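Have a look at this one before I ask anything.
Every value quoted in this text rests on a predicted model; they were computed, and no experiment measured them. The sequence lines fix the lettering, A, B, ..., with proteins before strands; numbering per chain opens at 1.
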Protein chains: 4
Amino acid sequence: MAETVGFIGLGIMGQGMASNLAKAGAKVVVWNRSEGKRSAFVAEHEGCSAAASPKEVVESCELTYLMLSDLEASKSVYEGEDGVLAGVSEGKCLVDCATLTPEHMTSLSERVQAKGGVFLEAPVSGSKGQAAGGTLIFLCGGDEALFNRVKESMEGDGVTMGKAAHYLGAVGTGSKMKLVVNMTMGTMMNSLTEGIALAQAADLPADKLLTVLDQGAMSNPMFRMKGQFILDGKFDPAFPLKHAQKDMRFAVALGDCLGLPLPVASAANEQFKRARPEHGDEDFCAVFAASKK
Amino acid sequence: MAETVGFIGLGIMGQGMASNLAKAGAKVVVWNRSEGKRSAFVAEHEGCSAAASPKEVVESCELTYLMLSDLEASKSVYEGEDGVLAGVSEGKCLVDCATLTPEHMTSLSERVQAKGGVFLEAPVSGSKGQAAGGTLIFLCGGDEALFNRVKESMEGDGVTMGKAAHYLGAVGTGSKMKLVVNMTMGTMMNSLTEGIALAQAADLPADKLLTVLDQGAMSNPMFRMKGQFILDGKFDPAFPLKHAQKDMRFAVALGDCLGLPLPVASAANEQFKRARPEHGDEDFCAVFAASKK
Amino acid sequence: MAETVGFIGLGIMGQGMASNLAKAGAKVVVWNRSEGKRSAFVAEHEGCSAAASPKEVVESCELTYLMLSDLEASKSVYEGEDGVLAGVSEGKCLVDCATLTPEHMTSLSERVQAKGGVFLEAPVSGSKGQAAGGTLIFLCGGDEALFNRVKESMEGDGVTMGKAAHYLGAVGTGSKMKLVVNMTMGTMMNSLTEGIALAQAADLPADKLLTVLDQGAMSNPMFRMKGQFILDGKFDPAFPLKHAQKDMRFAVALGDCLGLPLPVASAANEQFKRARPEHGDEDFCAVFAASKK
Amino acid sequence: MAETVGFIGLGIMGQGMASNLAKAGAKVVVWNRSEGKRSAFVAEHEGCSAAASPKEVVESCELTYLMLSDLEASKSVYEGEDGVLAGVSEGKCLVDCATLTPEHMTSLSERVQAKGGVFLEAPVSGSKGQAAGGTLIFLCGGDEALFNRVKESMEGDGVTMGKAAHYLGAVGTGSKMKLVVNMTMGTMMNSLTEGIALAQAADLPADKLLTVLDQGAMSNPMFRMKGQFILDGKFDPAFPLKHAQKDMRFAVALGDCLGLPLPVASAANEQFKRARPEHGDEDFCAVFAASKK
């Protein structure tokens, strides 16, 4: 992968992803709202450069990845005279890795295509560690040819951004699958935090609870890692709680559109909301603050 | 383990457990409400025999295991002139593996001790497959000397009933830990069933959802196995839904006693209740019937 | 009503009820756990007297009313050598006004009848103000002849304990109806507290919300009175939150027995639990503490 | 009120409102999507007329009321070359009575003002019967001078559309208050439907439950009327369930924006979603279908 590619958004996730693209040999042209992260990235990655605006990234690269945290960030980066859309022309390829609503992705895709561009949504499953380690899972919808072209950057041999890439269909399907996955994760996290809370309230050794959970059919990396973090009171954000709650909100709204009640996810979502004002910037396992006595 | 031991309760779980005791060399004296299961067990396990009543089991064995499914079964087996308590005398050891309330276990323990007996609660984590395969996890409370004595039958080398045994403290602590574990599992199961339901409602390939879940930090044997069963519509009971709901009820009640709200487990419990009238005897993953559209 | 009647339990509710019996002309023989309340009652009500034990009340009166707050109080008053049951003999009539489980009432009834006594459960709808003002509503189950006999004390002309008495059938039906009524009330209270909480979070005038609610089809005395108390931060207990939560617990358990999920009442119950540790002795509208931001 | 006023939207609510304006003496210029309702209205109300488009209504009247059922209807009526906005010019006054999001109302207001128009949001509390009977409650936000001018049509002496009008502040405050009111109502309706469901499941007479509820502090017109409808299986829409659910959705979303968890309203919302696919066009008390066994 010796090409020049653009990367917009150097947050918790984007940093690791862009870095892996660079390690794989790409000359990455980056842009981030804060100048500091841009120059730090360029300083650390030989052959990479920073652009002055999202528009400039898209203009200078045939292929651009985007990793933005929420609807507001997405709108502010796409819109405006310096925005992504202003830079799109015939043949420009965009791979948007944000987790947003299917409707928003569809709207972005239409606007990109209207200007001759090619669009692939590619939200990822995984958080900070997976982004840095190149073990993300990409859930893609949109242009299938573009998917096939970028697939090697998502799950190829050698250094890549991820370990698996799934093509699910039209734009929107990737975002929907991502919402399903994150909703499952959000409820599952609450199953753990309520479990720990109940163990502690009952004066049971919570570390032994983690051991028992890990010896049975529920054994999973998330419980192992986050469970220990919860016991240690370590809530550094790998996946910020406010983003986890945003995904729960979108998933419950998707169910609403489809006429599907989701009472358990909905209860979990309310717990994330309860924790959000004080713990929104911490890791999503800080929903424990709402679970505990 | 060439001793003679009693085993009361040859249900879904008890069959595998008693069988493993027999395979390990014990002469097992069994009793079950239905005569058919008793004689079938004896026919299949050389050196084992059936007793005519719970009382007779306890009288003829110094050590007796019990595996009963619910409060009603427990009461009917312990009480009465042919019951367990009628057989307890100085030195008789009981290891009760049922998942019931901490209060009930404490009450049983007191009554057993009042007659000179020794009591260990030892509820297990795991279901039919783990019982048969000897990979249960025992969560024990009560007499520590008895725990140390029977530990080898729970996690020793060679054929045993389980792969791990934890001693947690006074009678009640084992039951409480078991309720915490099963509450976590019940909510976690709902995280999966609502995820599959949302995927299907959104016309996403649910098998791919299982793949994606299995590639990330949530990857766990329960999702793999039960997820496929759900897609295949296979609800043969490894862990009957009505028992899963019973455990959710007890766990939520434990939280109530301790002043701990458990809103997500509580919502999950209501879903199990919704599924119970029609699906109570199926596997607990049949809570999918309440989740799906 | 110039007869001698017993009254056991002079708590928030019992005081007003016994006082109304006295005002109606009855010579009331009272007992309460705390001697202070007994003697205060006797001092204030001419012709009334205090007994030394529940047993003594029952022995000295053909008809005894009971108003106890929870299962523990009920058990401690009925059991033991000085308890109610010890005083029951042929023809003794008991009217138990507590809100407990149908199972407990049925058990009490059986034990009373076994000794020749006559039993009526008569839980009341209404709280402190209604008890004092004689406007309670009695929800009765059990002996119908006893119901007809005591009905005048519950809804007759002149001074009575209540304004309506309903006979619902066998023992247990009164308790069940009471649980249904209080479950409805508990959820309804949460509809108000969440409404006020949302109004305040949105910087809307909460007093105007109360006005608007009172102008429409939802207009009801409870919202008017408790709504203002909530805005004023007045949480003096007319109906203690811990008792409201107890009733929610019993109602949800009744649904569980009957295979009926109650997801909204269940969510409301969790909110009462959330508020209980700090606000259990305040009025049940203090569930606002769990609703507000 | 002998003036000419516009009225757009002759649905369940709009018909009664426009009719009351006509009865009060106004020459009402109406528009509705379906031609049939337009001509029926004109035929029944002397002096009234129909316009060919929303634009024409606004152009021909200085003051126009709007009553639209949802976001889609609102967008389709405001937008386009025949839409409301196309007809707005300096001094045109719009009073929008729909219950939509505060954001949408704010956006409409800005666009109307940008063209020189004057905007008042005025969502109403009350349903079909109140609209017909002229007893609605108006919850207003926006231009205060316009509020004072139209107030007499909302709560004046003689025939008016309502019995009370509240001015709450800037555009958005009326919509927010309306969402709070309807959220309270939606949860309260679930308190009733779960109560009736539990009574029926327990073989208690549900009509007696309604009597008991009506004798106590919860007594309210909604329980009386809708309670009987539920027992009679009459679900003719006074307030369609799909609209009630829409308001719950918006209210929960408002809480989400403000960082306020609303676990009980959220559980109620899921019940409305559960009932919506089959009962969305019936009255909102048909949420009973989701509550009952």
Do you know the tightest heavy-atom contact between D/V181 and C/M218? O-CE, 3.6 Å
Under a 4.5 Å heavy-atom cut-off, does chain C meet the side chain of D/S127, its backbone, both or neither? neither
Main chain of D/A265, side chain of C/E194: is a donor-acceptor contact present, judged purely on distance under 3.5 Å? yes
Most contacts with chain C, counted as non-hydrogen pairs under 4.5 angstrom, among D/G259, D/C257, D/G126: D/G259
side-chain contact (heavy atoms from CB on, under 4.5 Å) between D/M188 and C/F223: does it pass, once the steps are laid out? CA-CA 11 Å; D/M188 186 168 156; C/F223 278 12; 3.7 Å; yes
Atom group of D/L209 that falls short of 4.5 Å from chain C, counting heavy atoms: both
Could you tell me whether the side chain of C/K293 and the main chain of D/P261 form a donor-acceptor pair under 3.5 Å? no
C/A251 and D/L198: which non-hydrogen atoms are nearest, and at how many Å? O-CD2, 3.9 Å
Rounded at 0.5 Å granularity, tell me how far CG in C/L262 sits from CD in D/Q271. 9.0 Å
D/L213 versus chain C, heavy atoms under 4.5 Å apart: side chain, backbone, both or neither? side chain
Taking side chain as everything from C-beta outward and backbone as N, CA, C, O, which of these in C/M177 sits under 4.5 Å from a heavy atom of chain D? Side chain, backbone, both or neither. both
Atom pair CE (D/M222) and OG (C/S219), whose distance is rounded to the nearest 0.5 Å: 11.5 Å
Honestly, the part of C/T173 sitting under 4.5 Å from a heavy atom of chain D is both
Mark yes or no for whether C/K163, through its side chain, and D/G216, through its backbone, hold a donor-acceptor pair below 3.5 Å. no
Just how far is it from atom CG of C/L260 to atom OG of D/S291, taken to the nearest 0.5 Å? 8.0 Å
Using heavy-atom distances under 4.5 Å, tell me whether C/L179 contacts chain D through its side chain, its backbone, both, or neither. neither
Where on C/L258 is there a heavy atom nearer than 4.5 Å to chain D: the side chain, the backbone, both, or neither? both
Roughly how far, to the nearest 0.5 Å, is the CG atom of D/N220 from the CZ atom of C/R224? 10.0 Å
Would you name the heavy atoms of C/P221 and D/A217 that are closest together and state the gap between them? CD-O, 3.1 Å
Note: C/A267 and D/P263 closest approach over all heavy atoms is CB-O, 3.9 Å
With heavy-atom distances below 4.5 Å as the criterion, would you say the side chains of C/P205 and D/L168 are in contact? yes
I'd like to verify something: which residue of D/M185, D/Q215, D/K176 has the highest number of heavy-atom pairs under 4.5 Å with chain C? D/Q215
Any chance you could measure D/T184, atom OG1, to C/N190, atom CG, to the nearest 0.5 Å? 11.0 Å
